[in-house]
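The block underneath contains the structure these notes are about, expressed in structure tokens.
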Amino acid sequence: MEELGLTYDELLTQEPYTMRDVLESMTKTDLTSLAAELEIVGRSSMTKAQLIDAILATQEGGV
């Protein structure tokens, strides 16, 4: 995350369209770490696209 110049808290305050762009630029390992912080269930078996969708849903209050 540091290479993007954002902390996790800063990342979570981004607008959804900006957030998707940032998430897509991250590695699957970084996405899995973020999903762990967000306590997303099933994260270890998710694809990169599924992780992005789950993180966005959590940010939007969906999951």
Side-chain angles (χ1 to χ4, degrees):
M1 291 303 304
E2 293 76 34
E3 66 274 3
L4 297 174
L6 296 171
T7 65
Y8 285 127
D9 289 337
E10 290 170 335
L11 175 65
L12 294 176
T13 63
Q14 300 298 304
E15 293 297 321
Y17 69 91
T18 302
M19 176 91 163
R20 181 171 291 278
D21 292 338
V22 172
L23 293 173
E24 288 176 353
S25 73
M26 294 171 64
T27 65
K28 185 178 177 191
T29 301
D30 284 341
L31 290 169
T32 302
S33 295
L34 178 55
E37 272 195 34
L38 297 173
E39 299 179 358
I40 295 173
V41 177
R43 63 189 168 268
S44 62
S45 62
M46 291 182 180
T47 65
K48 183 175 178 176
Q50 290 170 325
L51 285 165
I52 291 169
D53 289 342
I55 291 166
L56 290 172
T58 299
Q59 183 215 16
E60 295 166 2
V63 175

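Partners of Q50 by side-chain contact (heavy atoms from CB on, under 4.5 Å), not counting sequence neighbours, listed by chain and number: M46, T47.
Taking each heavy atom of L56 and M19 in turn, the nearest pair found is CD2-CG, 3.3 Å.
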Evaluation steps, side chain to side chain contact (heavy atoms under 4.5 Å, CB included), between M26 and I52: CA-CA 10 Å; M26 294 171 64; I52 291 169; over 6 Å; no

K48 and D30: CA distance, side-chain angles, deciding distance, salt bridge (charged side-chain N to carboxylate O under 4.0 Å, His left out) verdict: CA-CA 10 Å; K48 183 175 178 176; D30 284 341; over 6 Å; no

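For the side chain to side chain contact (heavy atoms under 4.5 Å, CB included) test with L23, the passing option among L51, D53, L31 is L31; the others fail.
Within the 3.5 Å criterion, the main-chain N or O of A49 finds no donor-acceptor partner in the side chain of K28.
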